[in-house]
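For reference, the structure discussed in these notes is given below.
The chains referred to below are lettered A, B, ... by the order of the sequence lines, with proteins before strands, and numbering in each begins at 1.
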Amino acid sequence: MAKDPLLEDLNEPQKEAIIHLGSPLLVLAGAGSGKTRVITRKFAYLVKKKNIPASSIFTVTFTNKSAEEMKHRISELLNCHIKNSWIGTFHAQCNKILRKEIDNIGYKNNFTIYDDDDQGNLIRHILKELNIHEALFKGIACRISILKSSLITPEKFLEKGDGFGFDEKLGRVYLRYQDELKKCDAVDFDDLIGLTLRLFEEHPKICNKYKRNFEHILVDEFQDTNLAQYKLLTKLCAPDGNITVVGDDDQSIYKFRGAEVVNIINFQRDFPKSRVIKLEQNYRSTQNILNVSGKVIMKNPHRNQKTLWTNKGCGDKVSYCLLNTEEEEAKFVAKMIKDYYLKGIYDYKDFAVLYRINLQARLIEDGLRAEGIPYTVVSGTSFYHKKEIKDIIAYMKVVINPDDNVSFRRILNTPPRGIGLSTISKIEQEAKKQSTSLYKVIKQIPKSNSTVLSSAKEKLTSFLKTIDDLIMINNKNTADIMKTIIEKINYFDQLEELRIQNVMDLISSLENVTLQGFLDRTALISSTDCQNFDAGVSLMTLHSAKGLEFPAVFLVGLEEGILPYFKTFNELDDLEEERRLFYVGMTRAKERLFLSSVSKRRLYSKIQDQEPSRFIADIPKDCCHWVEKVMPSQTPIDSKNFVPKKPTIPFDIGCRVKHPRWGVGVVRECTGFGEHAKVTVNFPGVGIKKLIPNIANLKKVTL
DNA sequence: CGAATTGAGTTTTTT
DNA sequence: ACTCAATTCG
């Protein structure tokens, strides 16, 4: 045991976590304390020393990428390729189970996965039908997702329903939405988890099959699991079973997606025999970086106390820089990077620039380009979100599942083939009447006395023939199917060169995958997954940076309104999450950390005065190199008329306001702040109005 | 039916 | 500022 290579260069608590067996285990692992390492080593240890087959270990990672990395590392440790492994995200694992078993709960095994784009389209379609203001679709999609991940069905929600206003509508949409999904044999991300859970609950035999197979469960990033995912774990593992969860409450940054830090507390309740191990030695960062980030996170009231330490030296001081404009900030970042590069201290790939929101990337890009520095943006809109790609994918989805109405709607008149609005709406109506899919309605048209014009009938039949032909050839390999689709619909005929190139790239990425496998992969993949971090400076959001590390890190735009983001000002919980986001960003740095804010920023096409983030005040200055020297600016601030704007939202969402003309209404949404603030208010009987509070003379109504 | 124009909404974070 | 959808016109 003493000289086991699997337990080499590990500290005591890490070793304990790895060899612990026979009861549940909760590992509270601070940032950079080697938690992923614990999981990979434990996996290898179980296989090598305890003779557990790799296929009997259920391992959950947060992203597909970390799953791939983990497989790779485990293969190295075991010196052989692991096959049939269950290493993946919750969503990927559930998909794997459902593809085999979902027919037991009344779906077809060739079900379609709807990504949030598809989900949005469906919800908008429903809103249109129910005559609900369509712009609300985002908020509704978000609420539905949270309801689902908290295991509240539409029925339950309606039952509980305080049945007024927004919630009543939400309930109706939710019910319809679930209904439509079922009709289309489609599932959304939350269904992947929820339906697996339902499968296990309604079919204990199937559940037991999996439960028996999984001798051990390993969960990474446990702090970001939601209720449904947690419940799933309890289904797969006995209360005294072999489950190891690893997490850090300070790094929980997905509450908006339904993640429940409470799961860490619940774990100790639901697995009463569990042992807790803390990992507090940090292997990543210098002492100065730990001091600064530690002081900041300490201000959060609700957290497990832990103190990270390192035996690395103090290192360079953390630097904070207040600049005039965002252009200066970008220039500053680029200059610093170039400087370190030219001195030979770092390579370009050693740097990361992190920001709160994607649109900050543009400026930084400009700055880096001006200095000729290579970079890659871990982009918000990925390759798979491009129209031309989504179009082709929609065709492939219909080939596999013609009842998928969302994809069907998308391709019906794409590329334009003379099927117009009036025709489409007749088909829609008919489909609704018969409660069936668009595809099936069109199929009946030749036989039925449908009111569709005869010219349109011809076009529809010819379209249907195209689709049916494609369905017939479905046994060819995936690239061939795609080529045939493109040919049959003359897709390239009027497509720009660049878009054609994108589709060609897609085709060449298709070797050795089944059509179903390809569609699953594209649905579940994320932007970080296919990113190569060796191609220069990495630019990404704080969320994407989770789990990564870089020798030198820039955190930009540390201003009120950006971090913390202004939509989070109202909720105290959200503010804590913003702080954690800041913490996650800082703890990505191994050796050098640069923080910056600016005092003027162009936001929403208006120039705004910015104040430094409130979190900056919590930084101990003795670990810092503090620069507020503010370079001379072309547009000096007029100090007499300079009044810092308090970035506050005039009204809370949900509060009641009185308007002189429309009476009392409920606030739906607030955007912007200061004099640019706008509120959306729903006045019963009048409708939804967008107002500028200063002008509209709104008064808060207190009940 | 389709092209062109207007207009409105959107810019948090993501499996 | 920019994109995408609805509306209007030919």
Requested in this report: For A/Ile146 and B/dT12, give me the distance from atom CD1 to atom C1', rounded to whole Å.
Outcome: 13 Å

Report task. Tell me which of A/Pro416 and A/Glu577 sits closer to the 5' end of DNA chain B, going by the nucleotide each one is nearest to. Result -> A/Pro416

Query raised in the report: Does any donor atom in the side chain of A/Asn300 or A/Tyr583 lie under 3.5 Å from an acceptor atom in the other side chain?
Result: no

Report task. Name the closest nucleotide to the A/Thr89 side chain, picking from B/dT15, B/dT12, B/dT14. Result -> B/dT15

**Report entry** Side chains of A/Asn95 and A/Arg99 in contact at under 4.5 Å (non-hydrogen atoms)
**Finding:** yes

Requested in this report: Taking only heavy atoms on the protein side, list every residue of residues 251-264 of chain A lying under 4.0 Å from any atom of DNA chain B, sorted numerically.
Outcome: A/Tyr254, A/Phe256, A/Arg257

Query raised in the report: Quick one: which of B/dC1, B/dT15, B/dT13 gets closest to the side chain of A/His543?
Result: B/dT13

Requested in this report: Using a 4.0 Å heavy-atom cut-off, write out nucleotides 5-10 of chain C from 5' to 3' as B (base contacted by protein), S (sugar-phosphate only) or - (no contact).
Outcome: SS----

Query raised in the report: A/Asp116 CG to B/dT12 P: how many Å, rounded?
Result: 13 Å

**Report entry** A/Lys255/A/Glu576 ion pair, N-O < 4.0 Å
**Finding:** no

Requested in this report: For A/Lys546 and B/dT15, give me the distance from atom NZ to atom P, rounded to whole Å.
Outcome: 10 Å

Query raised in the report: Are OP1 or OP2 of B/dC1 and a side-chain N or O of A/Thr423 less than 4.0 angstrom apart?
Result: yes

Query - Spacing of A/Ile113 atom CD1 relative to B/dT14 atom C1', expressed in whole Å - result: 15 Å

Query raised in the report: Just checking, is any N or O donor in the side chain of A/Gln223 or A/Glu221 under 3.5 Å from an acceptor N or O on the other one?
Result: yes

Requested in this report: Would you indicate what A/Lys387 reaches in the nucleic acid, counting non-hydrogen atoms under 4.0 angstrom: base, sugar-phosphate, or nothing?
Outcome: sugar-phosphate

Query - Atom pair distance, as rounded to whole Å: NZ in A/Lys386 and C1' in C/dT3 - result: 16 Å

Query raised in the report: Is the shortest side-chain N/O distance from A/Ser544 to OP1 or OP2 of B/dT14 below 4.0 Å?
Result: yes

Query raised in the report: Parallel, tilted or perpendicular: which describes the rings of A/Tyr210 and A/Trp86, with under 30° parallel and over 60° perpendicular?
Result: perpendicular

Report task. Flag the pair A/Leu354 / A/Phe554 as yes when at least one side-chain heavy-atom distance between them is below 4.5 Å, and no otherwise. Result -> no

Report task. Kindly say if A/Thr541 contacts the phosphate of B/dT14, meaning a side-chain N or O under 4.0 Å from OP1 or OP2. Result -> yes

Report summary line: Per the 3.5 Å Watson-Crick/G-U criterion and a run length of at least three, the stems involving DNA chain B are B:1-10 with C:1-10

Requested in this report: Could you tell me whether A/Arg257 and A/Asp190 have a side-chain N and a carboxylate O separated by less than 4.0 Å?
Outcome: no

Query raised in the report: Under a 4.5 Å cut-off applied to non-hydrogen side-chain atoms, are A/Phe111 and A/Leu181 in contact?
Result: no

Report task. Give a yes or no on whether A/Glu129 atom CD has more than 12 heavy-atom contacts from other residues, nucleotides or ligands under 6.0 Å away. Result -> yes

Report summary line: From CG of A/Asp190 across to C1' of B/dT15 the rounded distance in Å is 9 Å

Query raised in the report: Could you give the distance from CG (A/Leu170) to CZ (A/Arg143), rounded to the nearest 0.5 Å?
Result: 5.0 Å

Query raised in the report: With a 4.0 Å cut-off, would you call A/Glu578 and A/Arg356 a salt bridge?
Result: yes

Query - B/dT13 OP1/OP2 closer than 4.0 Å to side-chain N/O of A/Asn358 - result: yes

Query raised in the report: If you check the A/Asn413 side chain, which of B/dT15, B/dT14, B/dG2 turns out closest?
Result: B/dG2

Query raised in the report: Starting at OH of A/Tyr565 and ending at C1' of B/dT12, how long is that distance when rounded to a whole Å?
Result: 5 Å

Query - Enclosure of A/Arg362 CZ (heavy-atom neighbours >12, cutoff 6.0 Å) - result: no

Query raised in the report: Is any side-chain N of the basic residue among A/Glu68 and A/Lys71 closer than 4.0 Å to the acidic one's carboxylate O?
Result: yes

Report task. Would you kindly give the NZ-to-P distance between A/Lys426 and B/dC1, to the nearest whole Å? Result -> 8 Å

Report summary line: Taking for A/Phe62 and for A/Ser422 the nucleotide of DNA chain B with the nearest heavy atom, the one nearer the 5' end belongs to A/Ser422

